[in-house]
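Working notes, beginning with the structure itself.
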Amino acid sequence: MDVSHLLDALNAEQRQAVCGEHGHYLVLAGAGSGKTRVLVHRIAWLLEVDRVSPFAVLAVTFTNKAAGEMRARCEQLLDVPSRGLWVGTFHGIAHRLLRLHFREAGLPENFQIIDSDDQLRLIRRILRDQSVDEGMFPPRQMQWAINHHKENGRRAEDVDPGDNRRDQQTLAVYAEYERQCRRSGLADFAELLLRSHELWLEQPALLAHYQERFRHLLVDEFQDTNTIQYAWLRVLAGDSASVFVVGDDDQSIYGWRGARVEHVQKFQQDFANTHLVRLEQNYRSTSNILTAANALIANNPDRLGKNLWTEETGGDKVKIYAAYNEHDEAEFVIARIQEWLDEGQRADDSAILYRSHAQSRVFEEALLRRDIPYRVYGGLRFYERAEVKDSLGYLRLTVNRDDDAAFERVVNTPTRGIGERTVGMVRHQANADNSSLWQAAQKLITSQTMNGRARNALAGFLSLIDALEHDLVDKDLGDQLQFAIEASGLIEHYEKEPAEKAQTRRENMAELINAGRYFKPGEDQAELPELSAFLAHAALEAGEGQAAQWEDCVQMMTLHSAKGLEFPLVFLAGLEDGVFPHERSLESSDRLQEERRLCYVGITRARQHLYLSFAETRRMHGRDHRRQASRFLSELPMDVVEEIRPRIAVSRPGLGYQQPAPDIGDLGLGDAVSHHRFGVGVVLDCEGMGPSTRIQVHFEDHGAKWLVLSHASLERL
DNA sequence: AACACCGCGTTTTTT
DNA sequence: ACGCGGTGTT
């Protein structure tokens with residue numbers, strides 16, 4: 001058989017992983033070493049050479065994007081049909097299992113998925129109903145605690161309440177939250193994993209079935225697995241499946257949301273006779289960039305050890321720019337991008353990366369001034385927008401009347417005279433009966449305990465939903481969405497908002513209808529009614545944040561969202577201690593190491609040109625901060641970096657880039673000053689050196705002004 | 001029910 | 001600085 005198409009493009013180590021005998025594999029794959037390629041080729045090898053049935057293969061990733069990419073690449077590479085092959089996210093696959101075995105899992109057939117926003121609302125509601133002090137127990141912390149328990153496989157009743165008041169309160173809320181989810185047929189994200197894990201433990205026959213079926217489990221980005229995902233994998237693997245995991249401990253950047261790098265080490269103990277393969281040849285970056293990355297990450301202890309190398313020698317040095325402030329930094333970056341564009345290069349081959357979203361603004365302003373198109377990643381995603389969730393809320397109720405999250409959301413949106421009092425009565429009744437809000441509302445209407453007006457309004461809402469369900473029968477998905485949006489009154493509701501806002505709302509609702517028209521259920525949802533499949537899709541796959549992807553524009557994103565991407569020209573901005581590494585990560589060594597890995601991820605995004613920059617002064621949260629250059633800069637070897645515009649007293653790497661503050665005499669930021677023309681003001685900022693030193697003063701009567709210090713004749717007050 | 005005001009938090013993000 | 005959410009006013 002000709003297997004050359006599976007092996008030709010691979011190096012020796014990659015081949016070792018792709019065509020090795022069956023068994024467990026731990027592939028430590030450095031950045032840019034062809035990790036996804038290896039995974040996809042392994043699948044192709046199993047199917048085409050080893051003649052493994054596609055039904056025996058399960059490939060898992062973390063994001064929908066990665067899953068989609070893997071599926072597409074498989075289909076492209078494979079000659080044999082891939083029907084039956086399961087490729088998906090942990091959550092997607094858990095969801096599929098629960099739909100198939102909802103009875104055994106103790107879920108209603110039409111259970112719905114709630115996103116973190118719905119979850120938070122539910123928790124807020126519970127805190128109020130139980131009159132828990134939200135100051136003492138912030139809802140977000142409660143949410144985190146509940147998810148943390150679930151991610152560690154713990155139900156409320158499994159946890160020892162102990163004698164800590166705080167833990168007890170948390171547990172009480174957790175228990176109530178579980179109760180409400182059960183009664184309304186709702187599952188949050190963590191629930192999908194926990195429930196399907198329990199399903200296997202409690203239904204040995206079912207587990208045996210899947211263990212017999214899936215002889216080959218493959219996992220991408222293995223370093224990102226959390227406790228329940230790892231447990232899930234172990235249970236499914238049993239004693240006989242072959243488990244093939246690919247990951248990079250140096251790119252573990254999600255510890256703060258439960259990912260455990262330790263699983264990489266643990267894997268070798270838990271899965272006997274694991275073949276260890278290291279992919280260290282990098283096909284992305286020049287050697288100067290790689291040398292910088294290697295040197296940086298070498299400062300982390302406890303690594304499994306890996307050194308990237310490349311056949312590409314030399315290349316540009318890594319440029320470091322010391323900016324006066326964030327505006328200077330942005331100007332510098334944009335000027336380099338302008339040069340890049342002037343060379344005829346593509347804008348979308350360049351990326352500005354930063355630690356936190358707030359840093360994007362200054363760059364956006366600078367790009368706008370120069371009319372350079374850009375795209376900022378992150379932000380509200382399509383299916384998370386209020387008008388979209390409202391529209392879907394109506395449809396969710398037609399599918400499952402007990403969906404309390406949807407009920408709460410749309411019962412009085414648009415306003416239809418069902419105020420807080422009325423909804424309060426419904427909640428009270430539901431809690432008393434342990435029923436859903438819908439059932440409680442029905443009961444209240446028939447029992448005549450409500451005054452006429454509220455009762456009519458509530459009854460009107462219930463019949464609206466009933467009628468809606470009736471009217472949706474036999475319509476196709478797009479028409480169903482359109483009908484629901486029109487019947488709900490949401491269009492008129494949003495028309496009352498300011499024109500510009502109403503416009504985007506309209507567009508989004510139109511886009512939702514459009515999404516319905518083009519929706520094609522995946523193979524894994526073929527069993528579901530179309531509407532249910534669409535609702536699950538909306539919850540599990542929230543969609544891109546911004547459109548206009550196809551336009552050629554400068555890419556801007558956080559370092560976290562840059563993982564997995566690559567660009568010829570990369571700017572890593574805000575390299576100051578306190579910004580990056582983030583100040584909240586400075587106290588613990590573990591967190592600092594994760595920040596360093598994040599920096600490593602950032603550096604290894606660059607193919608040819610890498611600029612690192614920091615600002616001596618940066619305005620954040622309305623205050624000025626004067627910070628040291630990031631410690632990460634001093635960890636880079638001198639011979640691969642080049643300082644741009646080196647200035648007097650720039651220290652050598654190793655001592656940090658300590659800069660003397662611009663000399664503004666005896667003035668300091670925040671000082672009150674008086675000016676002969678502008679009157680009294682406060683010093684906000686300063687920049688520049690020597691005679692060009694400028695100072696920014698916010699005057700009470702004239703606003704903020706930049707003044708050249710030597711001409712300003714300011715008087716300190 | 002719509003609107004104004006006040007106080008708080010503010011790293012990273014996917015499902 | 002800024003936006004969001006909760007509270008209070010008309």
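In what follows, chains are A, B, ... by sequence order, proteins preceding strands, each numbered from 1.
- Not a single donor-acceptor pair under 3.5 Å links the side chain of A:Arg260 to the backbone N or O of A:Thr225.
- Shortest non-hydrogen contact noted between A:Thr604 and A:Ala293 is CG2-CB, 3.7 Å.
- Close placement of the A:Phe461 and A:Phe407 rings is indicated, their centers lying within 6.0 Å of each other.
- In this structure, the ring of A:Tyr210 has its center less than 6.0 angstrom from the ring center of A:His101.
- Without hydrogens or angle criteria, A:Arg605 side chain to A:Val601 main chain gives a donor-acceptor distance under 3.5 Å.
- Looking at heavy-atom distances under 4.0 Å, A:Phe90 makes no contact with the nucleic acid at all.
- Backbone-only engagement by A:Gly417 is indicated by non-hydrogen atom pairs under 4.0 Å involving sugar-phosphate atoms exclusively.
- A:Thr558 OG1 to A:Lys563 NZ: the interatomic distance, rounded to the nearest 0.5 Å, is 12.0 Å.
- Checked against a 6.0 Å centroid threshold, the rings of A:Phe111 and A:Phe102 do not count as neighbours.
- Base engagement by A:Ser116 is indicated by at least one non-hydrogen atom pair under 4.0 Å involving a base atom.
- In this structure, A:Asn64 reaches the sugar-phosphate backbone alone: every heavy-atom distance under 4.0 Å involves primed, P, OP1 or OP2 atoms, never a base.
- Residue A:Ile418 is the one, among A:Ile418 and A:His621, whose nearest nucleotide of DNA chain B lies closer to the 5' end (criterion: closest heavy atom).
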remark   = Protein heavy-atom contacts under 4.0 Å, written 5' to 3' over nucleotides 4-10 of chain C as B (base), S (sugar-phosphate only) or - (none), form the string --SS---

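- Classification of A:Glu594 and A:Arg597 as a salt-bridged pair holds, one side-chain N sitting under 4.0 Å from a carboxylate O.
- Shown here for A:Asn508 and A:Phe382, the closest heavy-atom pair between the two residues is O-CZ, 3.6 Å.
- DNA chain B lies under 4.0 Å from at least one heavy atom of each of the following residues of residues 353-364 of chain A: A:Arg355, A:Ser356, A:His357.
- Residues A:Ser589 and A:Gln593 have side chains that bring a donor and an acceptor to within less than 3.5 angstrom of each other.
- DNA chain B is contacted by both A:Thr415 and A:Glu583; A:Thr415 maps to the nucleotide lying nearer its 5′ end (nearest heavy atom per residue).
- Between A:His537 and A:Tyr383, the distance from one ring center to the other falls under 6.0 angstrom.
- In the 5' to 3' direction, nucleotides of DNA chain B lying under 4.0 Å from heavy atoms of chain A begin and end at B:dA1 to B:dT15.
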